[in-house]
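Down below is the structure, laid out as structure tokens.
In the text below, chain A, chain B and the rest are named by the order of the sequence lines, each starting its count at 1. Since the structure is predicted, the reported quantities are computational estimates derived from the model, not experimental observations.
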Amino acid sequence: MSKEIFTAKTFFDNLKEKRLMGSKCKECNALFVPSRPVCLQCGSTNLEWIESKGEGSLETFTVIHVPPVSLLTKAPYVVGIVRLDEGVSIMGRIIDVDPTEPEKIELGMRVKVVVIEENEKTVLAFKPFTTRST
Amino acid sequence: MSKEIFTAKTFFDNLKEKRLMGSKCKECNALFVPSRPVCLQCGSTNLEWIESKGEGSLETFTVIHVPPVSLLTKAPYVVGIVRLDEGVSIMGRIIDVDPTEPEKIELGMRVKVVVIEENEKTVLAFKPFTTRST
Amino acid sequence: MSLARGVSLVGAGMTRFHHRIHQDKSGRELFNEAAEKAIESVDGGIDRRDLQAVFVGYFTPEAYEHQGHIGAQVTDWLGLCPVSGWRTESACASSAYAFLTGVLAIASGLYDVVLVGGVEKMTELSTEQVTDALSMAACDDYELPPGATFPGLYALLAQAYFKKYGATWEQLQAVPIKSHHNGSLNSNAQFQEEIIDIGNRWGARRGLSFKDNMEVLKSTLNRMVAYPLRLFDCCPISDGAATAILAADDVAKKYTDTPIKIKGVSATTDNLAIHDRTSLTSLRATVEAGKRAFSMAGMKPKDVDVADVHDCFTIAEILAIEDLGFFKRGEGIRAVEEGITSLKGDIPINTDGGLKCKGHPAGATGVGMIHEIWKQLRGEAGKRQISNAEIGLLHNVGGDGASCVVSIFSR
Amino acid sequence: MSLARGVSLVGAGMTRFHHRIHQDKSGRELFNEAAEKAIESVDGGIDRRDLQAVFVGYFTPEAYEHQGHIGAQVTDWLGLCPVSGWRTESACASSAYAFLTGVLAIASGLYDVVLVGGVEKMTELSTEQVTDALSMAACDDYELPPGATFPGLYALLAQAYFKKYGATWEQLQAVPIKSHHNGSLNSNAQFQEEIIDIGNRWGARRGLSFKDNMEVLKSTLNRMVAYPLRLFDCCPISDGAATAILAADDVAKKYTDTPIKIKGVSATTDNLAIHDRTSLTSLRATVEAGKRAFSMAGMKPKDVDVADVHDCFTIAEILAIEDLGFFKRGEGIRAVEEGITSLKGDIPINTDGGLKCKGHPAGATGVGMIHEIWKQLRGEAGKRQISNAEIGLLHNVGGDGASCVVSIFSR
Ligand SMILES: [Zn+2]
Ligand SMILES: [Zn+2]
């Protein structure tokens with residue numbers, strides 16, 4: 001069994017190339033995004049890479065008014081947790097919404113992945129989108 | 001019993017005014033420079049301020065060639081431990097000696113207190129001096 | 001699970017927690033101050049040389065004081081060398097882990113009497129720098145790059161809770177209103193005023209006046225921190241230290257006729273990043289730690305007379321009282337609104353004003369909570385005393401729930 | 001003092017310590033790697049779910065990875081939540097305190113099987129930044145303003161030792177010469193070459209060649225760090241992690257027929273600033289911890305077959321072997337010169353190459369040393385195996401001696 005190396009670096013190297021990568025347990029099929037090296041379901045270390053489609057719905061959000069030092073000029077901005085269509089949740093910046101009108105940001109709305117480069121970091125973000133037909 | 005407050009701030013406030021302050025145990029007469037709030041000899045918290053004359057002899061020293069970030073431009077410089085004439089030891093920068101010729105810096109040599117302002121900090125230092133008569 | 005040897009509290013002492021009055025003191029100086037009070041608190045007196053070890057919680061001394069090696073720093077300044085001492089860190093629960101280490105150390109037979117405590121010296125830095133230091137409790141890989149902050153993470157939980165149970169921010173304000181009332185009765189608290197009094201004091205400078213607490217909370221004085229959480233939903237930035245003295249049951253009687261017994265202790269962890277958790281409306285670390293502590297103590301939530309729970313943000317108090325089993329899911333907010341957790345209620349919560357009003361010097365918080373339980377179970381809590389308090393509970397959380405300690409104490 | 005319940009080592013695993021090969025991994029990823037090796041090392045196999053708690057030493061994760069809350073970070077990534085876990089910190093001895101916490105936790109009866117370990121991910125920063133991070137082990141109030149660094153503090157001790165005993169820097173070089181020989185036999189070591197080979201490899205680029213170790217050490221390649229200590233007097237900057245699995249004696253047999261028993265453990269502190277100490281030629285924390293550990297084990301220094309002592313700098317190894325009672329005061333250097341501490345000597349010291357060659361990822365070092373004792377007592381140390389090694393000693397120091405753990409192990 002040749003084990004994959006599920007490091008944060010590999011995750012972000014992929015994200016930079018616009019691939020949102022997770023790992024899937026070969027024993028019990030549990031899925032993790034971001035990728036992680038040990039299955040939370042069954043404890044197996046036998047996992048494989050999978051790529052998420054990067055679409056999902058907004059599970060919860062907040063608007064940050066008091067930011068850390070590195071984001072002083074960005075506030076207010078929106079951060080949320082997105083439930084991906086594959087069934088797992090992930091945190092990201094939420095863009096293309098109005099942070100000054102949080103009442104108008106709807107929980108459950110459809111969002112998809114956008115990748116931002118900021119302060120020399122690759123940042124996972126999501127923006128609202130409309131599916132053509134559902 | 002009104003307790004003195006032996007804080008580092010008070011120590012440095014005094015040092016800025018060129019006073020090297022310690023604390024002396026009122027129970028067992030043990031002496032501490034810098035000042036400390038609990039006697040290491042007997043555990044008493046009943047101590048009083050005393051001022052050191054600031055003279056002593058060089059007990060050991062080193063020349064720093066790889067400095068911390070804040071002292072990058074100062075290296076090489078000399079740091080030593082001085083045994084004050086009152087019988088206690090204290091660390092300080094050693095100035096007016098040649099860091100490039102450490103063999104010539106003599107253990108046991110007489111030194112006295114000098115106060116340096118550096119990087120917005122008050123720094124305790126010592127320099128060699130000759131006593132008129134011994 | 002049970003301990004090989006029983007352990008009791010025989011002393012406790014804390015500095016006031018505050019944002020201004022301790023500015024001239026360093027962390028170890030604050031810790032000394034708290035330790036001297038713990039030593040003085042021992043009914044039968046204690047020689048400091050009886051203390052065989054010191055365990056210290058401090059979350060980020062590197063950020064605040066450019067200092068590590070905290071165990072030795074503290075034993076040194078207390079004049080206790082060569083006794084052993086080391087630092088425990090688990091974010092905002094750091095000192096509950098110092099306490100837990102003390103319990104394990106005594107139960108193991110290695111020591112008979114130890115000092116446990118914690119300290120955090122936060123106020124040298126700006127609010128944004130403190131936000132940065134606190135954010136090290138979250139996942140640097142996956143939570144911080146999007147810009148999450150500590151209040152922001154709890155805001156995410158609040159929004160999920162509101163949605164699931166149809167609750168509102170307005171309802172949540174029952175928490176700080178209660179906390180400020182309790183804090184007004186606690187001389188160790190950072191804020192000792194009702195919200196209406198603070199509002200009118202601040203407002204006076206701007207020509208504003210208010211009729212009641214809620215009007216203050218809805219005003220512009222209560223500025224947004226992380227939507228929907230505002231200033232009064234958040235605990236403050238504080239300096240402070242708290243300590244306690246633990247002794248083996250078999251030697252505790254040497255120090256006091258009324259030791260406070262430790263009936264149950266439990267610690268747990270959960271996924272660091274909240275998106276990996278099984279729920280956004282419950283902290284699993286609390287649920288599991290609570291179950292285990294109650295099981296060890298042979299007790300149930302209804303047996304508890306007074307509880308100090310981790311309320312770094314208003315929503316945290318609601319999650320805690322549900323996760324610990326005091327209330328059913330979704331019913332925590334109404335319980336607070338109805339006064340069931342007030343000083344006169346069935347299960348008084350955070351009688352000391354909570355982190356919200358007592359203050360939250362992160363590393364000191366856990367033992368600061370134990371200090372309140374100690375006071376309540378000894379009947380020494382003054383105007384905020386719960387009558388006949390016999391069983392007390394400590395609940396201290398690291399970060400936004402990735403670690404948790406629950407402990408149950410009995411008079 | 002004795003423990004209420006016996007504790008044994010049933011597994012150990014480490015990453016190689018190195019300055020380059022781990023650059024693409026984070027601290028928790030390194031810790032996982034070491035933990036998987038510990039799990040694989042258990043003779044009878046172990047289900048990871050048997051691990052009831054995880055204790056992690058990490059000195060300054062805040063500086064290296066902008067991360068705190070290390071206990072939860074690690075249990076999460078190991079897939080072990082909700083088991084408990086927290087971080088212990090005591091500078092360069094941080095993981096020896098994780099080990100000690102594990103021993104106390106099992107002896108207390110709370111847990112039966114735990115994972116202990118440590119990690120430090122140091123190589124993202126420049127040498128000066130690392131110097132800054134390590135300096136947090138010293139006293140920020142009184143030692144750092146004059147400009148003391150970690151090598152500088154040990155240099156002060158070296159000068160005092162030379163003066164008191166008429167020893168020289170040249171004599172001290174017996175230490176790195178031995179360390180590099182041992183390191184050349186250890187596949188987990190950062191440096192696996194004799195000094196002469198490194199010298200000629202580096203020298204080749206500059207047209208230099210050397211006849212022997214001493215010529216390299218006296219050359220300009222061996223640059224001054226803190227007079228009189230040069231590059232080869234100092235341990236390197238390293239990334240790495242090390243872990244061990246502890247079990248109560250009564251359950252250890254489930255995992256192995258040959259558990260390594262913990263016969264003695266002791267921890268101590270001393271004044272943080274060295275100018276406050278009683279001696280500049282001996283570390284009191286080591287002396288006291290050694291005495292207590294030997295007393296608990298009912299043994300004497302001469303009973304020890306192999307010892308891993310804290311040699312962050314050459315002089316540290318000399319102080320350690322004298323302070324632990326292996327040699328009389330002032331005679332440590334000659335003992336090393338005479339080969340008494342070599343692989344073939346009476347008391348082999350740092351068979352793994354020591355911190356000098358194995359590497360010194362501060363938080364991982366203590367359990368990394370335990371890993372070597374584990375290998376030696378099981379007869380699995382390969383080319384560096386000490387024959388019939390039955391009793392092993394661990395000595396891990398925080399900073400320049402303000403904290404210390406000594407533990408004695410038996411086959
Ligand atoms: Zn699985
Ligand atoms: Zn005294």
Practice item. Could you check if a side-chain atom of P34(A) sits within less than 4.5 angstrom of a side-chain atom of H275(C), using non-hydrogen atoms only? Key: yes
Point to revise | Interface moiety of I90(A) toward chain C, non-hydrogen atoms closer than 4.5 Å | key: both
Practice item. Please check if the side chain of Y77(A) supplies one atom and the backbone of G147(C) the other of a donor-acceptor pair under 3.5 Å. Key: yes
Point to revise | Heavy-atom closest pair, residues G92(A) and P146(C) | key: C-CB, 3.7 Å
Practice item. Can you spot which of I274(C), D276(C), L144(C) makes a side-chain contact (heavy atoms from CB on, under 4.5 Å) with M91(A)? Key: I274(C)
Review point. If you measure from CG on L40(A) to OG1 on T278(C), what distance do you get to the nearest 0.5 Å?
Key: 10.0 Å
**Study point:** R36(A) portion near chain C, given a 4.5 angstrom heavy-atom threshold
**Key:** side chain
Check your understanding: Taking all atoms of both residues into account, what is the closest heavy-atom pair of E128(C) and L72(A), and its distance?
Key -> CG-CD2, 3.5 Å
Point to revise | Distance in Å, E101(A) CD paired with Y227(C) OH, rounded so as to fall on 0.5 Å steps | key: 11.0 Å
Point to revise | Sub-4.5 Å side-chain heavy-atom contact between L124(A) and P145(C) | key: no
Check your understanding: Just by modelled atom types, is the L156(C) backbone N or O under 3.5 Å from a matching donor or acceptor in the T60(A) side chain?
Key -> yes
Study note, to complete from the structure: Okay, L153(C) and chain A: the region with an atom under 4.5 Å from a heavy atom over there is side chain
Point to revise | Non-hydrogen atoms of G152(C) and I64(A) that approach each other most closely | key: CA-CD1, 3.7 Å
Point to revise | Interface moiety of T149(C) toward chain A, non-hydrogen atoms closer than 4.5 Å | key: both
Practice item. Under 4.5 Å heavy-atom distance to chain C, tell me which part of A8(A) shows up: side chain, backbone, both or neither. Key: both
Review point. Mind checking whether M224(C) and V63(A) have side chains closer than 4.5 Å, heavy atoms only?
Key: no
